[in-house]
Each structure stands twice: as C-alpha cells, then as structure tokens.
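Input: a single structure, listed below in structure tokens.
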Amino acid sequence: KAGVTQTPRYLIKTRGQQVTLSCSPISGHRSVSWYQQTPGQGLQFLFEYFSETQRNKGNFPGRFSGRQFSNSRSEMNVSTLELGDSALYLCASRSDGSYGYTFGSGTRLTVV
Amino acid sequence: SQQGEEDPQALSIQEGENATMNCSYKTSINNLQWYRQNSGRGLVHLILIRSNEREKHSGRLRVTLDTSKKSSSLLITASRAADTASYFCATDGSNDYKLSFGAGTTVTVRA
C-alpha cells in the first residue's frame with residue numbers, strides 16, 4: 001500500500017509570493033490533516049478535512065487555507081508569504097475508525 | 001500552543017541501554033500517541049494508548065499513562081543506533097480531529 005505522498009519535497013519562495021502544497025493520502029483514507037513544524041513553535045495543527053469538509057482549523061492567519069478533493073487528495077495554500085512561514089509542512093491521513101495517523105515525508109518550504 | 005511538555009529535551013545513551021522519556025499534558029484526552037521523527041522527515045506512528053488503559057507494550061516499546069497526573073512515559077528497551085531520532089507524544093482530544101504535540105525528546109544512541 002502506498003504511503004502518504006507530499007509534493008514537492010522542497011520549495012524556495014520569495015516573500016509576498018504564494019505557494020500550494022499537495023498531499024495524496026493513503027488509498028481509502030478520507031481524513032487528511034496538515035501540520036506546520038518549526039524549531040521555535042514545534043508541531044502545530046493547521047487544519048483537518050474529511051470528505052471535502054473542513055472539520056477543524058488551527059490558530060493560523062487567513063493566509064493559510066486548504067481544500068480537499070473528492071478523491072481525498074488535499075492541497076494547502078499560503079498566500080503573501082512571510083519569512084516566518086519557513087517550515088516543514090506535514091500532511092497526515094487516517095482511516096475511518098482508526099486513531100493513529102500516517103504522515104508523509106513533508107514539504108520543506110523556505111521563504112527568502 | 002502545545003498541549004504537552006516532554007522531559008528530557010535530549011537524551012544520550014549507549015547502545016543496549018534503556019531510554020525513558022516523559023510527557024505531560026493539560027486537558028482531557030481520548031488517547032495519547034507516540035511518534036518518532038528521523039532527521040526532520042515525516043513522523044512515524046509508534047504506539048497508541050487509550051485513556052482507559054494504563055500500560056501498553058509493542059516490541060521493545062512500553063508506554064504508560066496516568067490520567068490522574070496527566071502524564072505518560074515511553075520506554076525503549078535495549079536501544080539500537082537506529083533508535084536515534086526525536087520522539088513526540090501527541091494527545092487526541094474529544095472529537096476535535098487533531099493531535100496536540102509535545103516539544104519532543106531527542107534521543108541519541110551511541111555505538
């Protein structure tokens with residue numbers, strides 16, 4: 001069974017630009033979550049989607065948005081990038097009725 | 001903000017020794033999970049303990065949970081070089097569809 005796939009693996013963007021990150025969950029997993037990991041703040045929850053509906057959102061500004069498609073693939077978008085958005089962005093999926101999450105390898109975003 | 005605190009922040013042990021790390025959290029939970037992360041890559045799910053369980057084993061891993069103290073511990077027995085990683089506890093609250101992570105413990109296993 002293929003794992004959670006995140007693309008791209010690395011990304012360098014300039015302040016003020018926008019970026020879209022992609023996540024393909026494990027086949028059959030309808031729940032997809034996004035987390036931001038930085039040295040200063042650690043792992044922070046961004047949002048969770050289930051069957052194209054956002055069920056929860058973390059404490060991040062409106063520049064951070066996401067969506068989920070009918071095939072459960074998810075994207076997150078960050079607009080007007082700031083230096084502080086430099087981080088490892090992790091996507092995780094979970095099967096119905098399960099509590100453990102499977103994480104992807106992450107997208108490392110660097111904002112210069 | 002993070003739900004939990006982990007102790008110690010870093011741990012260095014000799015191969016074959018045991019490693020113990022602790023996690024404290026603040027609010028009520030459905031379950032508590034432990035994850036491993038190698039060199040800034042993705043997280044790997046290690047073990048989950050439900051709020052009504054006190055101890056659980058999986059291979060060389062033993063996790064305990066004390067809900068009265070809002071704390072958990074992870075023991076890795078007979079450590080190997082491949083166990084060198086960061087370990088995170090994460091709490092799963094009541095139907096909020098998210099994990100709240102601790103700051104993590106960095107474990108270095110010396111050959």
Side-chain angles (χ1 to χ4, degrees), chain A residues 3-7 9-10 23-26 29-51 53-60 66 68 74 86-110, chain B residues 1-7 9-10 21 23-53 56 58 61 63 65 72 74 85-106:
Chain A
V4 177
T5 304
Q6 290 188 247
T7 56
R9 285 295 314 279
Y10 302 93
C23 172
S24 293
I26 288 175
H29 287 193
R30 294 190 289 174
S31 169
V32 176
S33 306
W34 290 88
Y35 291 82
Q36 181 198 63
Q37 185 177 28
T38 60
Q41 298 298 315
L43 282 151
Q44 304 224 59
F45 170 76
L46 280 158
F47 19 67
E48 190 265 1
Y49 289 90
F50 181 87
S51 291
T53 299
Q54 186 183 88
R55 295 195 294 189
N56 198 358
K57 187 179 192 303
N59 189 24
F60 279 83
Q68 187 181 35
S74 178
S86 294
L88 180 66
Y89 290 88
L90 293 164
C91 170
S93 73
R94 183 170 77 164
S95 66
D96 297 6
S98 168
Y99 293 105
Y101 290 79
T102 302
F103 281 79
S105 295
T107 293
R108 185 163 295 281
L109 171 65
T110 302
Chain B
S1 63
Q2 304 211 5
Q3 159 78 304
E5 299 294 328
E6 290 185 60
D7 170 56
Q9 286 188 330
M21 58 211 85
C23 165
S24 61
Y25 57 92
K26 297 172 185 171
T27 61
S28 62
I29 62 171
N30 280 337
N31 63 74
L32 186 144
Q33 305 175 31
W34 286 88
Y35 288 83
R36 183 185 75 226
Q37 185 177 42
N38 292 90
S39 300
R41 296 181 65 89
L43 299 167
V44 174
H45 182 260
L46 295 176
I47 193 166
L48 178 152
I49 186 164
R50 299 178 193 275
S51 59
N52 62 353
E53 296 176 313
K56 204 159 179 185
S58 177
L61 304 179
V63 64
L65 179 64
S72 173
L74 174 68
S86 293
Y87 292 81
F88 296 89
C89 68
T91 54
D92 191 347
S94 300
N95 298 321
D96 58 4
Y97 312 115
K98 71 173 186 179
L99 293 176
S100 297
F101 285 89
T105 294
T106 300

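- Side chain of Gln6(A) to backbone of Cys91(A): a donor-acceptor contact under 3.5 angstrom is found.
- With hydrogens and angles left out, the side-chain atoms of Ser31(A) and Glu48(A) include a donor and acceptor closer than 3.5 Å.
- The most heavy-atom pairs under 4.5 Å with chain A, out of Asn30(B), Leu99(B), Leu48(B), Asn31(B), come from Leu99(B).
- Side-chain contact check for Tyr10(A) and Arg108(A): no donor-acceptor pair (N or O, by modelled atom type) lies under 3.5 Å.
- With a 4.5 Å cut-off on non-hydrogen atoms, Gln37(A) touches chain B through its side chain but not through its backbone.
- Interface summary for chain B: among Arg9(A), Arg55(A), Arg94(A), the most heavy-atom pairs under 4.5 angstrom belong to Arg55(A).
- Residues passing the ring pair (Phe, Tyr, Trp, His ring centres under 6.0 Å) test with Tyr35(A), sequence neighbours excluded: Phe45(A), Phe103(A), Phe101(B).
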